[in-house]
Number of protein chains: 2
Amino acid sequence: MVTSEQVARLAGVSRATVSRALNGSAYVSEETKKRIHDAVASLGYEPNIVAQNLARQRSRAIALGSFFDDSGLLTQLEPTRHYYHLGLLKNIETEVAEAGYDLVLPSRPHGSSRNDYIRSLQTRHIAGVLALCANPADPRIAALVEAPIPTVFIDHMGQGPHATYVKPDYMDGARQVTQHLIRLGHRRIAFLLGRSTALSGAERLLGCQQGLAMSGLAMNPGLLRECGWNTEDAYAAATALLDERRDFTAIVAGSDMMALGVLHALYERGLRVPDDISVTGFDDIDLCKYIAPPLTTVRLDRQSIGAGAVRRLIAMIENNGDVSPLVVPTKLIVRQSTGPAPS
Amino acid sequence: MVTSEQVARLAGVSRATVSRALNGSAYVSEETKKRIHDAVASLGYEPNIVAQNLARQRSRAIALGSFFDDSGLLTQLEPTRHYYHLGLLKNIETEVAEAGYDLVLPSRPHGSSRNDYIRSLQTRHIAGVLALCANPADPRIAALVEAPIPTVFIDHMGQGPHATYVKPDYMDGARQVTQHLIRLGHRRIAFLLGRSTALSGAERLLGCQQGLAMSGLAMNPGLLRECGWNTEDAYAAATALLDERRDFTAIVAGSDMMALGVLHALYERGLRVPDDISVTGFDDIDLCKYIAPPLTTVRLDRQSIGAGAVRRLIAMIENNGDVSPLVVPTKLIVRQSTGPAPS
DNA sequence: CTGAAAGCGCTTACAG
DNA sequence: CTGAAAGCGCTTACAG
């Protein structure tokens with residue numbers, strides 16, 4: 001590997017000057033600047049990032065933190081489970097690369113106490129962290145709020161001198177979808193939601209209640225079921241619900257993938273959607289269009305969320321730009337899985 | 001941040017000895033080793049990874065390379081498109097973390113010539129790269145084959161002194177699924193495959209031909225359609241095919257997500273699956289069970305592929321263990337989307 | 001505008 | 001078994 005020493009020699013200057021020229025410092029004459037760039041080109045020099053990071057005491061690397069249960073990030077991305085996060089990551093990757101930062105998934109330290117986690121980031125000179133949160137009880141989240149490492153939380157309202165957050169307006173989405181069903185004449189609606197320990201779950205629940213309340217309705221506790229955020233659990237919960245009672249005309253599912261489990265349970269029992277029962281999803285994953293019937297759902301704007309989070313993180317790191325919390329609007333998408341309540 | 005200097009002072013030894021004690025070198029007396037570990041614990045010391053990487057001239061970081069079209073890795077993971085790669089990544093992440101390596105998605109260098117790519121890895125002291133390949137023409141693949149950086153290719157048969165590969169037996173899977181249809185009495189089978197520029201596409205095509213040939217059948221060129229690896233394209237291709245002719249009793253799709261598009265096209269035309277037409281997928285994504293009808297497909301063992309790739313990479317990096325190419329068997333999974341050919 | 005020198009926090013022959 | 005010294009490849013006050 002060619003070093004700055006060799007460039008310096010070829011250009012007839014010192015390493016210090018090479019460094020200055022390459023880092024766009026003023027105070028380098030145009031002429032030597034040119035000589036240096038020529039030398040760089042002819043030698044094919046590229047600065048050693050590791051040495052740079054050590055000397056500068058910082059790096060251009062952003063860590064991806066995932067606080068779900070207890071496994072790694074991508075492990076959690078089983079599509080039936082965190083399909084939504086996948087779309088998010090896609091946007092995050094693009095934005096991060098565009099800003100010239102590396103994205104790192106650090107190997108977990110042995111002890112994963114709060115301090116160990118922060119230290120593992122610090123010893124890597126991580127510039128900032130993008131934290132995808134589904135389990136607010138994860139101690140590392142609290143650690144990040146306090147630590148002097150720029151952090152943007154997604155789906156967790158953490159704030160501090162070095163922390164801000166970005167999230168979709170889950171509550172409003174849930175409100176919209178509930179109101180949509182009510183407008184179609186549904187009065188007895190079942191809610192099959194993901195666990196409300198996560199913010200995204202709690203907000204959905206509140207939004208549904210709000211939607212009912214706006215029309216003077218109350219949530220029937222017997223028609224509310226919480227289960228895991230995946231197709232399988234939703235299928236099981238829907239099956240149990242259907243075996244128990246049938247006094248409802250619509251089911252609001254916590255996510256599109258959960259709606260898939262619900263549809264399957266209905267299909268097995270010969271119930272037609274939306275003729276017998278209306279079903280709604282949440283997320284608007286690209287699959288929605290292709291399942292039968294195409295799902296009415298709530299669209300989460302992954303582009304705005306991902307880009308908003310990355311921009312805020314970089315603004316915090318580079319100390320410029322907007323770092324205020326961002327709540328991204330959600331939007332009802334009506335397709336064919338919802339229809340008028342049967343009379 | 002506490003440094004080894006401070007540990008040394010507290011333990012009353014030199015930094016050299018601290019380093020030796022911590023890196024498990026022999027030649028440190030039990031007694032001083034203990035003193036050092038006590039100092040480490042009481043100070044909460046953790047070695048600075050960046051400094052370590054510079055001094056050691058290597059790191060414990062594995063880069064993820066993705067050679068699809070021209071965007072980033074996660075960007076390519078739109079589920080309807082590279083659903084299979086997602087399952088792979090999940091296993092890769094787990095294995096990499098377990099081995100104590102970081103996973104890095106390097107920001108692309110400005111010029112992405114061959115040299116720039118290799119250099120960007122070198123200046124980061126990347127220990128090895130895991131290359132997910134869908135576009136064999138990507139020049140970076142050729143660069144990796146030659147570069148002295150340990151590389152494991154997935155879905156590309158690259159080999160060299162520092163390169164090996166892991167892939168599923170696509171061909172055999174395609175053969176099995178074709179034979180399965182033939183056994184059910186199908187004779188006129190349409191093939192709606194992904195582009196055969198990628199190895200995974202070419203092998204599927206060959207496998208289908210082989211499956212036909214084994215029963216003395218030849219592929220009808222008019223019943224072979226290539227399109228993009230996604231639901232939308234497959235839907236369009238299936239629609240075009242159906243509008244053109246109906247002289248087939250089965251459709252082999254290139255992936256499960258493509259099968260979804262095919263099912264949708266059939267559904268729109270009122271054709272029943274499998275009564276009128278049998279449909280098969282490929283990949284066995286978790287969704288298969290929940291779509292109606294549940295898909296007959298070919299299972300790719302993502303666990304074996306991911307784990308096999310990571311183990312080989314680490315074996316190359318640490319210069320021990322098996323680095324021979326690995327071809328993972330595939331398996332036909334029969335569900336309800338295939339049935340006897342209508343008479 | 002430029003160079004000599006010190007420093008970033010480790011590791012590793014080299015002596016002893 | 002242990003320490004002093006040099007080195008990894010940069011950056012950055014400090015002088016000039």
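Every chain is numbered from 1 and lettered A, B, ... according to where its sequence line falls, protein lines coming before strand lines.
- Of all nucleotides listed (C:dT2, C:dT11, D:dC1), C:dT2 comes nearest to the side chain of A:T17.
- As a whole-Å value, the separation of A:R124 CZ from C:dC8 C1' is 18 Å.
- Put simply, B:N53 has no side-chain N or O that comes within less than 4.0 Å of OP1 or OP2 on D:dC8.
- Picking from C:dC10, C:dT2, D:dT2 the nucleotide with the shortest atom distance to the side chain of A:V28 gives C:dT2.
- Side chain to side chain, B:S42 and B:D38 fail the donor-acceptor criterion of an N or O pair below 3.5 Å.
- Put simply, CD1 on A:I36 is 8 Å from P on C:dT2, counting in whole angstrom units.
- Here the side chain of B:Y45 is nearest to one of C:dC10, D:dT12, C:dG9, namely C:dC10.
- In this model, the phosphate group of D:dT11 is approached by a side-chain N or O of A:N23 to a distance below 4.0 Å at OP1 or OP2.
- Rounding to whole angstrom units, CG of residue A:L22 and P of C:dT2 are separated by 14 Å.
- A:S4 has a side-chain polar atom (N or O) that falls below the 4.0 Å cut-off from OP1 or OP2 of D:dC10.
- With distances taken from any side-chain atom of A:A16 to the nucleotides C:dG3, D:dG7, D:dG9, the minimum falls on C:dG3.
- Between A:L313 and A:Y101, the closest side-chain pair of non-hydrogen atoms is not below 4.5 Å.
- For A:R58, taking side-chain heavy atoms from C-beta onward, the closest of the listed nucleotides C:dC10, D:dT12, D:dA4 is D:dT12.
- In this structure the side chain of B:R60 never reaches within 4.5 angstrom of the side chain of B:D102, judged on heavy atoms.
- You'll find the side chain of A:V50 stays beyond 4.5 Å of the side chain of A:L54, heavy atoms only.
- Results of the side-chain hydrogen bond (donor to acceptor under 3.5 Å, both in side chains) test with B:E31 over B:R35, B:K34, B:K33 single out B:R35 as the only residue that passes.
- Here the P atom of nucleotide D:dT11 and the CG atom of A:L54 are 11 Å apart, to the nearest Å.
- OP1 or OP2 of D:dT2 has at least one side-chain nitrogen or oxygen of B:T32 nearer than 4.0 Å.
- Rounded to an integer number of Å, the gap from B:E30 CD to D:dT2 C1' is 15 Å.
- Atom P of nucleotide C:dT11 and atom CD1 of B:I49 are separated by 10 Å, given to the nearest angstrom.
- Side chain of A:Q52, nearest nucleotide from C:dC10, D:dT11, D:dC8: D:dT11.
- For A:R56 and D:dG9, a side-chain-to-base donor-acceptor distance below 3.5 Å is absent, hydrogens and geometry of angles not being considered.
- The separation between A:L43 atom CG and D:dG9 atom P is 15 Å, rounded to whole Å.
- Under the Watson-Crick or G-U wobble criterion, with both distances below 3.5 Å, D:dT2 is paired with C:dA15.
- Rounded to whole angstrom, the span from the NE2 atom of A:H125 across to the C1' atom of D:dT11 amounts to 13 Å.
- Contact check, B:Q57 against D:dG7: no side-chain N or O comes under 4.0 Å of OP1 or OP2.
- Within the nucleic acid shown, B:V13 comes within 4.0 Å of sugar-phosphate atoms alone, with no base atom in reach, counting heavy atoms only.
- Test B:V152, B:V96, B:V104, B:I126 against B:I62 for side chain to side chain contact (heavy atoms under 4.5 Å, CB included) and you get one pass: B:V96.
- You'll find that the side chain of A:S29 is closest to C:dT2, out of C:dC10, D:dT11, C:dT2.
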